[in-house]
Protein chains: 2
Amino acid sequence: MTSTGTDTALHADAARPSRREQILRAAAQLFAERGSRSVGVDDVGAAVGVTGPAIYRHFASKDAMLAEMLLRISERLLAGGTERVAAAGADPLAQLRALIAFQVDFALDNPALITVHDRDLPTLSDADAHEVRRLQRRYVEVWVGVLTALHPTAGVEACRARAHAVFGLVNSTPHLDSRLPRARTAGLLAAMAEAAATSSSQA
Amino acid sequence: MTSTGTDTALHADAARPSRREQILRAAAQLFAERGSRSVGVDDVGAAVGVTGPAIYRHFASKDAMLAEMLLRISERLLAGGTERVAAAGADPLAQLRALIAFQVDFALDNPALITVHDRDLPTLSDADAHEVRRLQRRYVEVWVGVLTALHPTAGVEACRARAHAVFGLVNSTPHLDSRLPRARTAGLLAAMAEAAATSSSQA
DNA sequence: CGCAGATGTTAACGACGGTTCACGGCGGGG
DNA sequence: CCCCGCCGTGAACCGTCGTTAACATCTGCG
């Protein structure tokens, strides 16, 4: 919520909130709708009112744009998740609820980022893809830690699968026609996620 | 399970199981790994041991390949779902379990198809995309019908959201490192999906 | 035997799109 | 005032890739 919350990245220009951020936002929207490979540089430019090549005043390449986008998402998730768990005290169920609330909020606020996050990862360079996966893995492990506490008899692998399944559930937000009020959707997703995460280990 | 189960489609050549199917299978795998736009015709050809242009002896275009792939998936899901519900009798909970078992089996057997199914829909032609969405919608409505019976007080919109969330949960299979035995994963996903689908309506 | 059709191959075409280049306006500090 | 870094433009370059064309090969059948 603080003004420093926005500049997650390794880029020192906190004093350029405007054009660069504008481009990233517009690109995220377009990438989510049609896939990064189907969106031209000209399209992104047009979405912010400039021509295609103008993009290169702000980003080294189209790939660099995507890379920064995905890295930011992964960093925000990891940081937010870690923070929420720490703030939730020692009760595993409270920690789980905090994680779920966080992920639900993020997914409802940024459906486009959710979509791009797991659709366009393969198009990244090997180095960038590796870094994004590293961050994702660490975020997953935060969940696995909490889930392991809740399911002491279950193996780590089962908890990891559970975590991915809950992600899939919550990250279904891009598929929802948002005709019902946000609060209702949030409540529904949170309830379903908690039920899924705490369901008994055997069918 | 029967031999007729494979030819879901409107194509009369049931007598050509080999090369054409081979290409579709290989393409699905490649598309899932790297996205259809990032996969060249030459790549698909190489995957089945021929050169790129040879593809055009079997498909009118690369887009037609993708279209047929997505249409088949949607048709299989709709047909299978409808059939399972009909076979499950009148009990809504039994119907739900049948649907979940079906979706879990499909998602575990065809993770690549699951990935392509919701990632490459935007790259289809408008006409094909429309048809695929129409089939998807009908499949969703099968679920919505069952869920509405289970949650009589909840609105249709809420049930639709619930359906999408369950899809997201079950369709997380592409993200699972399959280190644990398939039966365990299937049981886990089914249990989570049922818990999520039947969770109380309010948080 | 030799035509026909199905299946492949290599070479070439043509379009699309990311990137670069050369240039122009705009604003602030010496 | 004038110079310079920032930001933008239009034109051109060039690699990639879907697609087509022209030319073999093999099989089966009359």
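Below, chain A is the first sequence line, B the second, and so on; all start at residue 1.
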ask   = Tell me: OH of Tyr56(B) to P of dT10(C), nearest whole Å?
value = 16 Å
Whichever of Thr51(A) and Ser61(B) has its nearest DNA chain D nucleotide further upstream toward 5' = Thr51(A)
inquiry  = Rounded to whole Å, please give me the gap between CD in Gln22(A) and C1' in dC7(D).
reply    = 13 Å
inquiry  = If you only use heavy atoms from C-beta on, which nucleotide in dA11(C), dC7(D), dT9(D) is closest to the side chain of Pro53(A)?
reply    = dT9(D)
inquiry  = How many whole angstroms separate atom NZ of Lys62(A) from atom P of dG15(D)?
reply    = 19 Å
query = What does Val39(B) touch in the nucleic acid at a heavy-atom separation under 4.0 angstrom: a base, only the sugar-phosphate, or nothing?
reply = sugar-phosphate
ask   = In whole angstroms, how far is the P atom of dT19(D) from the CG atom of Leu66(B)?
value = 11 Å
key: Residues Arg138(B) and Ser74(B): side-chain donor-acceptor under 3.5 angstrom   = no
task = May I have the distance from Ile23(A) (atom CD1) to dG18(C) (atom P), rounded to whole angstrom?
result = 14 Å
ask   = Given the rule in the side chain to side chain contact (heavy atoms under 4.5 Å, CB included) test, do Gln103(A) and Asn171(A) qualify, once you have shown the distances and angles that lead to the verdict?
value = CA-CA 8 Å; Gln103(A) 182 76 27; Asn171(A) 291 348; 2.9 Å; yes
ask   = Looking at Trp143(A) and Leu96(A), what are the two nearest heavy atoms and their distance?
value = CZ3-CD1, 4.2 Å
ask   = Whole-Å distance between dA11(C) P and Asp42(B) CG?
value = 13 Å
message = Nearest whole Å is fine: how far is dG18(C) P from Met65(A) CE?
response = 10 Å
query = Any side-chain N or O of His58(A) under 4.0 Å from OP1/OP2 of dG8(D)?
reply = yes
ask   = Could Arg76(B) and Phe106(B) be counted as a cation-pi pair, given that NZ or CZ must be under 6.0 Å from the ring centre and within 45° of the axis?
value = no
query = Should the pair Asp128(B)-Arg133(B) be classified as a salt bridge under the 4.0 Å nitrogen-to-oxygen rule?
reply = no
ask   = Atom CG of Leu30(B) to atom P of dC17(D): distance rounded to whole Å?
value = 13 Å
request  = Look at the side chain of Val50(B) and decide which nucleotide, out of dT9(C), dG18(C), dG8(D), has an atom nearest to it.
outcome  = dT9(C)
ask   = Counting side-chain heavy atoms from CB outward, which of dT19(D), dC7(D), dG18(C) is closest to Val41(A)?
value = dG18(C)
request  = Compare the minimum distances between each of dG8(C), dT19(C), dA11(C) and the side chain of Ala54(B), then state the nucleotide with the smallest one.
outcome  = dG8(C)
query = Out of dG8(C), dG8(D), dT19(D), which nucleotide sits closest to the side chain of Arg57(A)?
reply = dG8(D)
query = Considering heavy-atom distances to DNA chain D, does Ala60(B) or Ser38(B) have its closest nucleotide positioned more toward the 5' end?
reply = Ser38(B)
ask   = Out of dT20(D), dG8(D), dT20(C), which has the shortest distance to the side chain of Arg19(A)?
value = dG8(D)
